[in-house]
Amino acid sequence: MAILERGALSWTMQGKAPAKINLALEITGTTPEGYHSLRSVMITLDLADELRVTGRGQEGARPEIRLEVEGGEDDVPTDERNLVVRAVALLADETPGNWPAALDIRLVKRVPSQAGLGGGSADAAAILRLLGAKRGVHPERLCELAARLGSDVPFMMTGGAALAEGRGERLRSLRAPRSWWVVLVQPPERIATAWCYRRWDELTARARPGGAEGKVDGLAVALQQGDLAGVAGNLYNDLQRPVFDLHPHLHQIPVVLREGGCAGALMTGSGSCFFGLASTRAEARGSAAAIRRRGLGQTWITRTWREAE
Ligand code: C5P
C-alpha cells in the first residue's frame, strides 16, 4: 500500500491484488447457509492486478464511485457487478459520512477473470485494505465484511499461504519456505463457480466420493517443508470432476504440463484455469511451450509466494 499525495481535496492510494491458486480443495459437506464446506490449501502468486484509488472533492455522505478498468477481457464490469464497487458500498454503509465526493478507481487487470484465480476477490480485498485502513475500520471487522463479499475474499485480505475451512473464511496460516515456478493455462472454456458446485452435487448425489484421503493435510505438511515432490503428489481438487465431465478434452492440460517438465498440475478453484508447478524456470517454459504448441490455452509464467526470511 502507498499513499502518493495528500492535499486538502485530493489523495491517492495504490496497492496490488495478487492471484491465488488452490493446491488442494476438498468438499467436506454443506454449511447451514447452503454453501459447501471445504478444506482447501491456497497460496498467493506473484501475478497481480493493480489498483489505484483517488478521492476527490468535498466530504459527502457516500462517494460517487467511478471505476475504470484497464486490460483484461472486455467483460470486466465497472458497475455494482464488480466486487470492487460492492466492497466500497459495504464500507460506505459501515462508516457513513466524511467521504470524498468521488472515488476514482483505476483497476489494471492482469489476472484472468472467471478462472479460479480469485482475481475479483483479490481486487475486493485490496480496496477493503486500502480504504478500510484509511476509514479506521478494525482489521477483524474488515475480515467479516470480506466474507460477505465472497468466500475467497477473507484469504485475499492477508494472502500468503493458508488452510481454509468453513466456506473458505476460517483460515490457518501456513509457512512456505520455498517459492516455485508456476505455469498458468487458461483454456477458452469458462466455468461459473455456482454451476461448478451445483454440478458436483448432482454428480455425487448417489455416491459421495471417498474423500481426499489425507491429501489436504499431506499437502500442507509438504508445503511447509518446501517439498515440491510432496506437494505435487498431494495436489487435489474435487471441482475438477464437474469440469472434466463437461469438457473432457481439458484432461490433456495437466497431462501436457507434466510431460513438459512440471512436477505436478491441477485445476485451480472452480476453474477453468490450470496450473503446473516446476522447480526451474526452464521446466516452466518448456511446459508452457508444449501447451501453446497443442493450442490448449493462453499461458502465463509466475511464482508462488514465499515467506520473508
Ligand atoms: O462465495 P462466492 O461468491 O465466491 O461463491 C459463488 C458461488 O459458489 C456461491 O453462490 C455458491 O453457489 C458456490 N459456493 C459454494 N461453496 C463455497 C463457495 C462457493 O457452494 N464454499
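Note that ligands are numbered from 1 as they come in the structure, with each ligand's atoms numbered from 1 the same way. Quick note: numbers below take in every heavy atom, side chains included, and nothing from hydrogens, waters or symmetry partners.
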Heavy-atom count check: over 12 atoms from other residues, nucleotides or ligands less than 6.0 Å from Glu140 CD?
no
Got a salt bridge between Asp93 and Arg62, using NZ or NE/NH1/NH2 to carboxylate O under 4.0 Å?
yes
Would His36 count as a polar contact of ligand 1, with the cut-off being nitrogen or oxygen pairs under 3.5 Å?
yes
Yes or no on side chain to side chain donor-acceptor pair (under 3.5 Å) for Thr95 and Arg135, after CA distance, side-chain angles and deciding distance?
CA-CA 7 Å; Thr95 60; Arg135 305 285 298 170; 3.0 Å; yes
When distances are taken from atom 6 (C) of ligand 1, the protein heavy atom at minimum range is Thr193 CG2, 3.9 Å
When distances are taken from atom 18 (C) of ligand 1, the protein heavy atom at minimum range is Ser151 OG, 3.3 Å
Give me the nearest non-hydrogen protein atom to atom 5 (O) of ligand 1 as residue plus atom name, then the distance to 0.1 Å.
Tyr35 CE2, 4.1 Å
For Arg167, the ligand 1 atoms whose distance to one of its heavy atoms is below 4.0 Å:
1 (O), 21 (N)
Residue-level breakdown please: for Thr31 versus ligand 1, do any non-hydrogen atoms fall below 4.0 Å on the side chain, on the backbone, on both, or on neither?
neither
Under 30°, 30 to 60°, or over 60°: which ring-plane class applies to Phe244 and Phe274, parallel, tilted or perpendicular?
parallel
Should we count CZ of Arg172 as having more than 12 external heavy atoms under 6.0 Å?
no
Side-chain donor-acceptor contact under 3.5 Å, Arg39 with Thr28
no
Sole candidate of Leu235, Val185, Leu257, Leu45 that passes side chain to side chain contact (heavy atoms under 4.5 Å, CB included) when paired with Phe275
Leu235
Counting each atom of ligand 1 from 1 as listed, which ones have a heavy atom of Leu38 under 4.0 Å away?
21 (N)
Distance from atom 3 (O) of ligand 1 to nearest protein heavy atom, with residue and atom:
Gly150 CA, 4.1 Å
How close does the nearest protein non-hydrogen atom get to atom 19 (C) of ligand 1, and which residue and atom is it?
Tyr197 CE1, 3.4 Å
